[in-house]
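Accompanying notes for the structure given below.
When a ligand or atom number is given, it counts from 1 through the structure's own listing order. Hydrogens, waters and symmetry mates play no part in the numbers below; they use all other heavy atoms, side chains included. What you are looking at is a predicted structure, and each value in this text was computed from that prediction instead of being measured.
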Amino acid sequence: MIIVMQSSSTPEDTQRVIDRVEALGYQARPDTGEERTVIGVIGDDRPIDPDQIRSLQGVDKVMPILAPYKLASRDFRPKNTIIKVLESTFGGTEIPVMAGPCSVEDRDSTFAIAETLQSFGVKILRGGAFKPRTSPYSFQGLGEPGLQILAEVRERYGMAVVTEVMTSEEVGLCDEYVDILQIGTRNMQNYRLLEAVGKTRTPVLLKRGMSGTIEELLLAAEYILAGGNEQVMICERGIRTYETATRSTFDVNAVPVLKLLTHLPVIVDPSHATGRRDLVDPISRAAVAAGADGLIIEVHADPAAAISDGAQSLPPEQFAELLKSVDRVAQAVDRSLDLATVTA
Ligand code: PEP
Ligand code: MN
């Protein structure tokens with residue numbers, strides 16, 4: 001349930017409500033907005049009698065949150081959550097673009113692609129150091145040396161970095177090096193991992209499981225939020241359907257549906273959603289037209305030589321064209337891509 005305080009209520013009134021909720025054995029999450037304070041009750045609150053809370057001083061309304069996720073719900077927080085990552089802001093008017101290779105392959109190529117992307121105005125570099133590969137015989141990533149390369153890029157170019165963390169044991173390690181922790185599609189329902197990133201205060205990019213429903217995705221986000229980490233971004237990266245013409249099926253519906261259901265920023269990954277370089281530009285445009293708050297795109301200096309996901313990686317020149325065409329769509333929906341102004 002959520003408890004809405006009267007606009008005239010005092011901090012003492014709020015504290016009294018929190019104390020009561022906690023005495024009943026629940027966690028209370030106050031959220032002080034511009035107009036009023038809302039207190040989220042965490043846990044299975046069905047046994048609480050709403051009248052008992054309603055009668056407390058300063059309480060305006062007690063409302064059930066019907067969705068099974070609470071903290072992720074727009075009912076709990078009507079305004080968009082804004083997440084700041086170095087120079088970028090997710091959830092506002094501007095649309096950040098995260099770009100880079102699927103895998104961190106080596107130091108030189110990572111520095112080179114970072115420099116190229118920065119020259120296009122990109123502020124966040126993506127790159128996997130721990131790779132969840134379908135086959136155990138495929139390249140599994142460089143591991144910690146890959147994280148060190150990302151950290152060096154961060155230092156050298158001032159770009160933020162995002163990387164995937166695959167196990168709860170590795171959360172602390174990854175958290176030391178990067179600005180955004182990515183949870184991959186294969187791990188959306190790895191609850192111990194979700195709890196582990198929930199204990200950090202680092203922004204999390206939570207990808208939709210390839211067979212995950214929107215409700216399951218938001219419940220996965222709830223695990224992270226319930227742990228106290230409020231900085232969660234939801235990522236639509238394509239789902240598995242009967243269609244084989246593309247690697248996954250981009251669920252464009254998910255974008256406006258998520259925007260209605262949650263206050264969290266909604267990101268789209270058109271690279272994994274299609275698996276095809278020629279579709280990344282049109283699907284990025286569709287994503288932005290549908291209301292996406294960010295994009296994450298695979299770019300490689302020489303896609304044919306990429307160790308992973310070359311078929312869906314864009315060469316830099318094509319990515320530069322994409323930025324222009326997607327920005328036109330962003331402008332049409334009163335937004336813009338969040339790119340740094342580059343002085344040549
Ligand atoms: C990736 O970002 O390279 C990746 C493995 O993504 P996903 O988990 O969406 O397949
Ligand atoms: Mn990839």
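The distance criterion of under 3.5 Å between nitrogen or oxygen atoms is not met by Arg247 with respect to ligand 1. An N or O contact shorter than 3.5 Å is missing between Asp269 and ligand 1 by distance. Residue Arg237 places at least one N or O, backbone or side chain, under 3.5 Å from an N or O of ligand 1. At under 3.5 Å, a nitrogen or oxygen of Lys207, whether backbone or side chain, sits near a nitrogen or oxygen of ligand 1.
The cluster map of Ile, Leu, Val, Met, Phe, Trp and Tyr, joined by side-chain heavy atoms under 4.5 Å apart, puts Val204 and Ile214 in the same cluster.
Using a 4.0 Å heavy-atom cutoff, Cys102 is listed among the residues neighbouring ligand 1.
Checking side-chain atoms of Gln318 against main-chain N and O of Pro315 turns up no donor-acceptor pair under 3.5 Å.
In terms of protein heavy-atom proximity, atom 2 (O) of ligand 1 is closest to Arg126 NH1, 2.8 Å. The protein heavy atom nearest to atom 5 (C) of ligand 1 is Glu164 OE1, 3.8 Å. For atom 8 (O) of ligand 1, the nearest protein heavy atom (residue, atom name, distance) is Thr185 N, 2.8 Å.
The only option from Ile180, Leu125, Val161 that meets the side-chain contact (heavy atoms from CB on, under 4.5 Å) definition with Met98 turns out to be Ile180.
You'll find the side chain of Thr89 stays beyond 4.5 Å of the side chain of Glu94, heavy atoms only.
Contacts between Met210 and ligand 1 below 4.0 angstrom, taking non-hydrogen atoms only, are absent altogether.
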